[in-house]
Amino acid sequence: MKTASAFRKKVIHFAIIFSFLFITGSLVAQEKVGAQDNAPEKTFTQAINMCPLAIAFGIYSVNYEYMINKTHGIVFRLDYEAIPDTYSDANINADGKAAVLNYRYHLNEKLESYYLGAFARYREYSGDGISGAEKFDFTISEFTIGLNAGKRWVWNSGFDINFTLGYGYSFDDRKTSKSNASIESAIDTFTNEYDFIDAFLGEFSIGYAF
């Protein structure tokens, strides 16, 4: 299971990076053509995005960015993770929820820009399982602070694409309704197998700017 989980995580990371590189090349070419267009450039100060790629892996993510001024943006993001019950022999059923607050400094002084930022994320995994003949519930809470960088492209129609990569330092805590060596081992297996419990922050999203 560890190999399958690690492969699943690598597939998502590779797909995000590959999609980013592919779209970057396409957009650079389009921007060169678009530079000859005399249509006035619209000013956008807000954007709502979602991540379609992650849905295939049971992760649902939506975020909203608001530009305070030309360079400073604040992002609010909510995630939900539907976790398969294949990460432990204890038949663990679990899901994850997260809230992310992200500050971005826009280098191009507009929403369509390269940016650098810092983020804070609170994430919680809750579930239940059976170890031997004992049923148990558990909650794993995680708080992460870190740095990130990325780029947003915006068309005059309002359609936008955003790409972000970030990493940080995590603090976590675990609570269980019952505790013994077997239960603790089952939860340890779950957290080790489900590799998405880490300090990585990634986003490849599409949305609408206005």
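Everything quoted here is computed from the prediction, not taken from an experiment. Index from 1, following the sequence.
Between Thr45 and Phe210, the closest side-chain pair of non-hydrogen atoms is not below 4.5 Å. In this structure the side chain of Thr164 reaches within 4.5 angstrom of the side chain of Arg104, judged on heavy atoms.
Tyr122 is not connected to Leu201 by any chain of hydrophobic side-chain contacts under 4.5 Å among Ile, Leu, Val, Met, Phe, Trp and Tyr, and they are in different clusters. At a threshold of 4.5 Å between side-chain heavy atoms, the hydrophobic network of Ile, Leu, Val, Met, Phe, Trp and Tyr places Tyr208 and Met67 in two separate groups. There is no path of hydrophobic side-chain contacts, each under 4.5 Å, that joins Ile68 to Tyr115. Val75 and Leu111 fall into different hydrophobic clusters, where Ile, Leu, Val, Met, Phe, Trp and Tyr side chains are chained together by heavy-atom contacts under 4.5 Å. If you chain together hydrophobic residues whose side chains sit under 4.5 Å apart, Phe143 and Val100 never meet in one group.
Judged by distance alone, the side chains of Ser126 and Thr139 never bring a donor and an acceptor atom under 3.5 Å apart. Side chains of His72 and Glu109: a donor-acceptor N/O pair is absent below 3.5 angstrom, by distance only. Side-chain contact annotation: Asn63 with Ser61, donor-acceptor N/O pair under 3.5 Å absent. Side-chain atoms of Tyr125 and Thr191 include no donor-acceptor pair closer than 3.5 Å.
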**Message:** Run Glu65 and Asn102 through side-chain hydrogen bond (donor to acceptor under 3.5 Å, both in side chains) and show every step you take.
**Reply:** CA-CA 9 Å; Glu65 180 168 8; Asn102 194 342; over 6 Å; no
**Prompt:** Are Phe190 and Phe138 close enough, and set up right, to give a side chain to side chain contact (heavy atoms under 4.5 Å, CB included), and what steps lead you there?
**Reply:** CA-CA 11 Å; Phe190 168 76; Phe138 70 92; 4.1 Å; yes
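Contacts of Asp160 classified as side-chain hydrogen bond (donor to acceptor under 3.5 Å, both in side chains), with partners at least two apart in sequence or in another chain: Asn49, Arg152. When the ring-ring contact (aromatic ring centres under 6.0 Å, His included) test is applied to Tyr64, no partner is found at least two apart in sequence or on another chain.
The closest donor-acceptor contact from the side chain of Lys70 to the backbone of Lys110 lies at 3.5 Å or more, if one exists at all. Using a distance-only test at 3.5 Å, with no hydrogens or angles considered, a donor-acceptor pair links the side chain of Ser177 to the main chain of Asp137. A donor-acceptor pair under 3.5 Å is absent between the side-chain atoms of Arg123 and the main chain of Asp79, judged by distance alone. At distances below 3.5 Å, not a single donor-acceptor pair connects side-chain atoms of Ser185 with backbone N or O atoms of Ala181. Distance alone, capped at 3.5 Å, is enough to place a donor-acceptor pair between the Ser113 side chain and the Asn108 backbone.
Using a cut-off of 4.0 Å between Lys/Arg side-chain N and Asp/Glu carboxylate O, Asp172 and Arg174 are scored as not salt-bridged. Salt-bridge check for Glu184 with Lys175: failed, with every basic side-chain N at 4.0 Å or more from each acidic carboxylate O.
The side-chain tip of Lys178 does not point at the ring of Phe136 from less than 6.0 angstrom away and within 45° of straight on.
Between Tyr167 and Tyr169, the distance from one ring center to the other does not fall under 6.0 angstrom. The six-membered or imidazole ring of Phe76 lies away from that of Tyr66, with a centre-to-centre distance of 6.0 Å or more.
In this structure, Lys97 places its NZ atom where more than 12 heavy-atom neighbours from other residues, nucleotides or ligands lie under 6.0 Å away.
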